[in-house]
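Scroll down for the structure; my scribbles are underneath it.
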Amino acid sequence: MTPGTGEFGFELFVCRWAETAWPPDEKREAPVVVARQLGTQARRWDTVVLECDPEGLRARAQFGERELDSDLLHVVRNAPADWAWYRDALPHPGYPWRYVRAAVHRAADRGVVEKRRDGNRIEIRRIAPYPDWLRRIIAIENKPDLDASAARALSEQLTHDVETALADEVWVATEATGESVEPALLEDLPVEVGILALSFPTEASVEWHPSAVTPPEAATDAARQRRRLELGERAYGRGWRDYHETMRPDCRHFELRRAGRTFVPNCRAKQRSQTAAECSGSCPDFEPEPPAWRTKGWPIEGGPGKGIKRLLRRRREWVRERDRIHTEDD
């Protein structure tokens, strides 16, 4: 059985598995970036796997670890090699220039472009060409218990994913049952969608291979490329260990427990792994850390809640740095 509670614990397991073992049944040829709960206004995916160009991913590091939003991307991708007035250097974005000017200031503050004043004009210059680092996007929907009712509810969403083709492949990940024919294969899912059956802690089998849904005109579809890059930037900046930002690690009951190679949040008050929705300020069991934990009474600077955040951040940074250097599984 997968550790954790329902889909949330399974989601963390899938993310960790993808980080170490993607692509399934194949040798890793390029680094990957894994994120969770990302998408568009119309659709949010449980797990997103980015297959990256190795040289491009290393070059992306020059622009920092934080994501570049759409406004910053407009500036960074079009910044000139030599000094130029930003209105001459950047294509018109389709909205007022004052918003572009604000983005130029933000970009310069973050060090992703250079700026200077020439009289009343603001000039910019790139620090480096923005690289073509994103190769493919893989969308995974996580359903540990894919029964008939869950499959019916999921089918419409997966059909939307296939038809919009923002991702290059679409998968469903479910928990392996050990039966000769996994039940997921018998459900009414789009034939283009791949099916993964996962067994905790490290095993996964491909029950059905997906079809590539990349449209023929993908290379010349500027809007699609822009949306994919914006999605890729969000994944790059956030990763999948950011669940502490929507939970309460500053609660005295919050802890991390190791499950295989994954850290899963656990609540001592509930005596089980809690969901992200349960772990909030409105939780009736919430108790803030005693002040002594955050000062002299605890060996971790800032208290255990801060320590949990640092731990997850360090693990994310280590994986990112590893994948910049290596293109194969370690």
Side-chain angles (χ1 to χ4, degrees), residues 1-26 28 32 34-39 43-51 136-213 235 240-241 243 259-265 272-278 329:
M1 288 292 292
T2 302
T5 299
E7 292 187 19
F8 179 64
F10 186 74
E11 183 175 286
L12 299 183
F13 169 50
V14 171
C15 289
R16 180 58 176 150
W17 169 83
E19 193 174 68
T20 57
W22 189 269
D25 299 338
E26 296 179 26
R28 180 172 292 183
V32 301
V34 181
R36 52 177 290 273
Q37 293 299 317
L38 290 181
R43 181 78 169 95
R44 183 175 293 272
W45 295 316
D46 293 335
T47 300
V48 175
V49 181
L50 308 182
E51 296 180 355
R136 301 173 77 238
I137 296 179
I138 314 300
I140 304 176
E141 190 72 18
N142 301 318
K143 288 292 179 184
D145 183 15
L146 189 62
D147 56 18
S149 60
R152 284 193 297 270
L154 192 59
S155 181
E156 183 176 346
Q157 298 175 358
L158 295 173
T159 299
H160 174 271
D161 295 339
V162 171
E163 292 177 347
T164 55
L166 185 59
D168 297 284
E169 285 181 2
V170 181
W171 293 76
V172 170
T174 187
E175 193 163 8
T177 64
E179 299 181 19
S180 57
V181 177
E182 288 292 336
L185 282 169
L186 305 177
E187 304 299 345
D188 187 20
L189 300 176
V191 70
E192 297 90 350
V193 175
I195 298 175
L196 281 168
L198 292 102
S199 302
F200 179 78
T202 59
E203 296 181 2
S205 63
V206 177
E207 301 299 318
W208 185 263
H209 287 275
S211 302
V213 296
W240 63 271
R241 294 179 177 87
Y243 53 84
R261 299 180 67 181
T262 308
F263 281 115
V264 177
R272 60 174 172 81
S273 179
Q274 72 278 42
T275 66
E278 287 178 309
D329 283 345

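- Atoms CD and CG, on Glu187 and Leu146 in that order, are 5.5 Å from each other to the nearest 0.5 Å.
- Contact record, Arg28 with Ala18: NH2-O, 3.2 Å, taken as the closest heavy-atom pair.
- Asp188 has no carboxylate O lying under 4.0 Å from a charged side-chain N of Arg152, or vice versa, which leaves the two without a salt bridge.
- In terms of modelled atom types and a separation under 3.5 Å, the side chain of Glu278 and the main chain of Thr275 share a donor-acceptor contact.
- Residues Ala184 and Thr174 share a closest heavy-atom pair of CB-CG2, 4.1 Å.
- Not a single donor-acceptor pair under 3.5 Å links the side chain of Ser155 to the backbone N or O of Ala151.
- Here CD of Glu207 is found 5.5 Å from CG of Leu185. Values are rounded to the nearest 0.5 Å.
- When each of Leu196, Val34, Leu12, Thr47 is tested with Trp17 by the rule side chain to side chain contact (heavy atoms under 4.5 Å, CB included), just one qualifies, namely Leu196.
- Among Asp161, Val213, Val172, Leu158, the single residue meeting the side chain to side chain contact (heavy atoms under 4.5 Å, CB included) criterion with Pro190 is Leu158.
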CA sep, side-chain torsions, deciding dist, call: Glu141, Arg44, salt bridge (Lys or Arg N to Asp or Glu O under 4.0 Å): CA-CA 9 Å; Glu141 190 72 18; Arg44 183 175 293 272; over 6 Å; no
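- Here the shortest heavy-atom pairing between Cys15 and Arg36 reads SG-CB, 3.9 Å.
- Annotation: the span from Glu169 atom CD to Ser211 atom OG amounts to 9.0 Å, rounded to 0.5 Å.
- Here the shortest heavy-atom pairing between Asp145 and Ala150 reads O-CB, 4.0 Å.
- Closest approach of Pro24 and Val206 over heavy atoms only: CB-CG2, 3.7 Å.
- Pairs passing the ring pair (Phe, Tyr, Trp, His ring centres under 6.0 Å) check and including a residue from residues 153-196, sequence neighbours excluded, read Trp22-Trp171.
- Remark: the Trp45 side chain and the Gln37 side chain contain no N/O donor-acceptor pair separated by less than 3.5 Å.
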Working for side-chain contact (heavy atoms from CB on, under 4.5 Å), residues Phe10 and Leu198: CA-CA 9 Å; Phe10 186 74; Leu198 292 102; 4.1 Å; yes
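- Ion pairing between a basic and an acidic side chain is recognised when a charged N comes within 4.0 Å of a carboxylate O; Lys143 and Glu11 show no such pairing.
- Residues Glu182 and Thr177 bring a donor and an acceptor atom of their side chains to less than 3.5 Å of each other.
- Contact detail for Ala235 and Leu50: the closest heavy-atom pair is CB-CD1, 3.6 Å.
- The distance from atom CD of Glu179 to atom CG of Leu186, rounded to the nearest 0.5 Å, is 8.5 Å.
- No donor-acceptor distance shorter than 3.5 angstrom exists from the side chain of Trp240 to the backbone of Val14, with no hydrogens or angles considered.
- Here the side chain of Asp46 pairs a donor or acceptor atom with the backbone of Asn142 at under 3.5 angstrom.
- The CD atom of Glu19 sits 4.0 Å away from atom CZ of Arg241, with the distance rounded to the nearest 0.5 Å.
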